[in-house]
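Worksheet: the structure to be examined is printed underneath.
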Amino acid sequence: MTDHKPTRNEILRPLHLVGIALAAGIFATVVTLVSTGAFTTRVNLSIAKGTYEGLTPLGLGLVIGGASFIVTLLGLAMLMLAVDPADVTKTIDRPVLLDRDEPDAGTEAAPPRDDRRDAGDAPAPSSS
């Protein structure tokens, strides 16, 4: 069986980005509705009587959810601009955050040389 390695274009389709932003907006709406007491009897009765002052919890939830949707969508779109178009067609066959010049797990790499000296160190001996 072959192991299909997806390209970056297959992973980050525009519909997926809109779906992520929609999920963030719905989450923000639900959190706002729960935190403002939209499901309590006291709030619903005061809205029905007309004594509730200010924006209703449903209106506030829709405003917060819409703002969250737009901010998330714009943020994801800006992050997509940082992707090099040449990298979109390449397959991902290694961890993305792993440096390319790191040695394999089985080999030992020499520690990096540090030629810096502190101010109190003696000057380096001359080789002449």
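All values below come from the heavy atoms of this structure, side chains included, with hydrogens, waters and symmetry mates left out.
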Mind checking the CG-CG spacing from Leu15 to Leu22? Nearest 0.5 Å is all I need. 10.0 Å
Determine, using the 4.5 Å side-chain heavy-atom cutoff (strictly less than), whether Phe27 and Val71 are members of one ILVMFWY cluster. no
Linked, directly or transitively: Val63 and Ile70 (ILVMFWY side chains, under 4.5 Å): no
Drop me the distance from Thr56's OG1 to Asn44's CG, to the nearest 0.5 angstrom. 10.0 Å
Is the side chain of Ser68 donor-acceptor paired with the backbone N or O of Ile64 at a distance under 3.5 Å, no angle test? no
At their closest point, which heavy atom of Ile20 faces which heavy atom of Leu76, and how far apart are they? CG2-CD1, 3.8 Å
Does Gly61 offer a backbone N or O that forms a donor-acceptor pair with the side chain of Thr29 under 3.5 Å? yes
State whether the side chain of Thr72 and the backbone N or O of Phe69 hold a donor-acceptor pair below 3.5 Å, judged by distance alone. no
Do Thr36 and Val43 come close enough that some side-chain heavy atom pair is under 4.5 Å? no
Transitively linked via ILVMFWY side-chain contacts under 4.5 Å: Leu74 with Val18? yes
Spacing of CD1 belonging to Ile47 relative to CZ belonging to Arg42, to within rounding of 0.5 Å: 10.5 Å
Could you tell me which non-hydrogen atom of Ala28 sits nearest to which non-hydrogen atom of Gly65, and how far apart they are? CB-CA, 4.4 Å
Are any non-hydrogen side-chain atoms of Pro57 and Phe39 less than 4.5 angstrom apart? no
